[in-house]
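Heads up: the structure comes next, in structure tokens.
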Amino acid sequence: MSTFEIKEVDRIFYEKELKDFLPGKIIDIHTHVHTLKYRVPVEIKRTVVWPSLVAPENTGEQIQEMYKLMFPDKEVTPLMFASIRRGQDFKKNNDYVAEVSREYGFPALYFSRPEETPEELEANLKEGNFLGLKSYLTLAPEYIPEKEIRIFDFFPKYQFEAANKNGWIIMLHIPRNQRLKDKVNLAQLLEIDEKYPNAKVIVAHIGRAYADSDVGDAFEVLSVTKNLYFDFSANTNKNIIQQAIETFGPKRVLFGSDAPICKMRMKRIVENGTYINLVPKGLYGDESQDPHLRGVEGPEADTFTFFMYEILHAFKRAAIDLGLSRSDIEDIMYNNAKKIIEA
């Protein structure tokens, strides 16, 4: 039984806007995998609530189904990793990702904790055949206030050193309220680019810059980098995707969906510098749980398609304005990720 429904609005949107634009092969560089078996309920801290409302789990089978239904004529491969909070079993969740990776042949990353030593990481990556690391700001020591968390608080420098030594991928979700424009984030990104050139560091969500006001002078500051990659997962801001491609070139920008939240029916707007996901009222519970959600009723709600399609449509509009070639689009949607994974 399908875990979600393809409606006529989705079929029309895909056929009209995406089918001919997208290449035949796609790599989704940013995909979360988890099963309810190991999702022990824990209090949500230091992060927004709404992603947890979209899908309670995202198994290997569900990932396959999602791609088949959303992209019926494409071949899509995810780079997978777990989604784990303190209080949940890291080993069981990472083992599950390794199991899915073996079963489906999908590449995967290990979800690390900041207290793990390089030796422990090397052993765990080897055991699960993982290609690198994913972690999250919620794993920073609890005594650090959320707004003061730095990259090296949940990804210590010795872990970057191990990644640099081994050529690992690092999926990096930057912290702090000012997102990409934050001066501490920018200083640490510059340091990472300079000191760890052999690590394949992917800055997720273009540094969480979902609103134009999240950018500041970040692209100017980061224009000197040579090694950082940027994925536009969960980002529907055409202007920011366009600026990222202009700044870093089409060889250092990657497509990612942030599955399973890309299944959400929505339209994103920005008000007072804050992104808001408009969703059909009640579809994901009480919208008052999260200030980034707003319920919509009536004919407007019936027009909402998948978050996945909105991300790709934003990229398409950026690509058109930039005059990207077919080769550029294939690089961003497939070749760049393939090169990173194979390396």
Side-chain angles (χ1 to χ4, degrees), residues 21-23 26-30 79 132 134 151 155 160 163-164 167-176 178-258 311-343:
F21 170 74
L22 297 173
I26 297 169
I27 293 178
D28 180 353
I29 203 75
H30 195 126
L79 176 67
K134 167 73 168 78
I151 293 169
F155 257 136
F160 274 101
N164 190 62
W168 293 339
I169 298 169
I170 287 187
M171 180 61 69
L172 177 59
H173 188 292
I174 65 173
R176 305 176 73 82
Q178 292 196 28
R179 302 173 183 265
L180 186 62
K181 70 182 179 185
D182 183 275
K183 300 303 182 185
V184 174
N185 279 336
L186 290 173
Q188 295 193 333
L189 286 172
L190 290 173
E191 181 179 353
I192 289 166
D193 181 75
E194 179 183 358
K195 290 185 176 180
Y196 313 111
N198 198 42
K200 283 67 175 180
V201 179
I202 303 168
V203 182
H205 319 301
I206 314 181
R208 299 168 62 234
Y210 303 128
D212 291 345
S213 58
D214 292 332
V215 173
D217 64 350
F219 288 121
E220 181 181 351
V221 172
L222 295 173
S223 65
V224 300
T225 62
K226 299 177 181 178
N227 305 298
L228 299 177
Y229 295 86
F230 295 79
D231 82 33
F232 54 89
S233 59
N235 202 320
T236 64
N237 190 312
K238 173 255 182 189
N239 296 334
I240 290 169
I241 296 172
Q242 183 169 332
Q243 289 179 73
I245 298 169
E246 287 176 321
T247 302
F248 309 112
K251 298 289 189 183
R252 287 169 54 198
V253 176
L254 308 163
F255 162 66
S257 71
D258 207 13
I311 296 165
L312 288 166
H313 191 232
F315 168 54
K316 176 186 175 182
R317 289 181 286 125
I320 291 171
D321 280 3
L322 289 170
L324 295 187
S325 67
R326 193 68 190 167
S327 177
D328 292 332
I329 293 166
E330 290 173 353
D331 284 344
I332 290 169
M333 294 299 302
Y334 181 76
N335 293 327
N336 298 340
K338 182 174 184 286
K339 181 180 178 181
I340 292 170
I341 290 167
E342 290 183 347

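Keep in mind that the numbers below use all heavy atoms, side chains included, and drop hydrogens, waters and symmetry copies.
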Taking Arg317 for its side chain and Leu312 for its backbone only, find out whether a donor-acceptor pair lies under 3.5 Å.
no
Looking at Asn198, is its backbone amide N or carbonyl O close enough to the side chain of Lys200 to form a donor-acceptor pair, meaning the two atoms are under 3.5 Å apart?
yes
Under 3.5 Å, is there a donor-acceptor pair between the side chain of Arg208 and the main chain of Arg179?
no
Are Ile240 and Phe230 close enough that some pair of their side-chain heavy atoms sits under 4.5 Å apart?
no
Per side chain to side chain contact (heavy atoms under 4.5 Å, CB included), Phe255 is matched among Asp28, Ile29, Asp231 by Asp28
Value for NE2 (His173) from NE2 (His30), rounded to nearest 0.5 Å, stands at 7.0 Å
Taking atom CD of Glu194 as the centre, report whether more than 12 heavy atoms of other residues, nucleotides or ligands fall under 6.0 Å from it.
no
Going through the distances and angles, do Met333 and Leu22 end up as a side chain to side chain contact (heavy atoms under 4.5 Å, CB included)?
CA-CA 8 Å; Met333 294 299 302; Leu22 297 173; 3.8 Å; yes
Rounded to the nearest 0.5 angstrom, the CD1-CG distance for Ile340 and Asn335 is 11.0 Å
Val203 side chain near Arg252 side chain, heavy-atom distance below 4.5 Å
no
Please round to the nearest 0.5 Å and tell me the distance separating atom CG of Asp212 and atom CD of Gln243.
7.0 Å
Looking at side-chain heavy atoms only, is the closest gap between Ile329 and Pro23 below 4.5 Å?
yes
Which residue in the set Val221, Ile151, Val201 passes side chain to side chain contact (heavy atoms under 4.5 Å, CB included) when paired with Leu189?
Ile151
If only atom types and distance count, is the side chain of Asn185 paired as donor or acceptor with the main-chain N or O of Pro175 below 3.5 Å?
yes
Quick one: which of Asn336, Asp331, Asp328 gives a side chain to side chain donor-acceptor pair (under 3.5 Å) with Lys251?
Asp331
When rounded to the nearest 0.5 Å, the distance separating CG of Leu190 from CD of Gln188 is 10.5 Å
Residues Ala318 and Ile241: closest non-hydrogen pair is CB-CG2, 4.1 Å
Test your reading of the model: is there a side-chain donor-acceptor pair from His205 to the backbone of Phe232, 3.5 Å cut-off?
no
Looking at side-chain heavy atoms only, is the closest gap between Thr225 and Phe248 below 4.5 Å?
yes
Taking the side chain as every heavy atom from C-beta outward, state whether Leu172 and Leu228 have any pair of such atoms under 4.5 Å apart.
no
Taking the side chain as every heavy atom from C-beta outward, state whether Lys338 and Ile27 have any pair of such atoms under 4.5 Å apart.
yes
Kindly give the heavy-atom pair with the smallest separation between Thr236 and Ile311, and that separation in Å.
CG2-N, 3.9 Å
Rounded distance [0.5 Å steps], CG in Leu180 versus CG in Leu222
6.0 Å
Please check if the side chain of Asp214 supplies one atom and the backbone of Tyr210 the other of a donor-acceptor pair under 3.5 Å.
yes
Might you point out which heavy atoms bring Ala244 and Phe219 nearest each other, and give the distance in Å?
CA-CE2, 3.7 Å
Using 0.5 Å steps for rounding, measure from the OG1 atom of Thr247 to the CD atom of Glu220.
9.5 Å
Measure across Ser257 and Ser233 and return the closest heavy-atom pair with its distance rounded to 0.1 Å.
N-CB, 3.9 Å
Check whether any side-chain heavy atom of Val253 sits under 4.5 Å from a side-chain heavy atom of Phe315, and report yes or no.
no
Tell me, do Val215 and Asn239 make a side-chain contact under 4.5 Å, heavy atoms counted?
no
Check Ser213 against Lys181 and note the closest heavy-atom contact, atom names and distance.
O-NZ, 2.8 Å
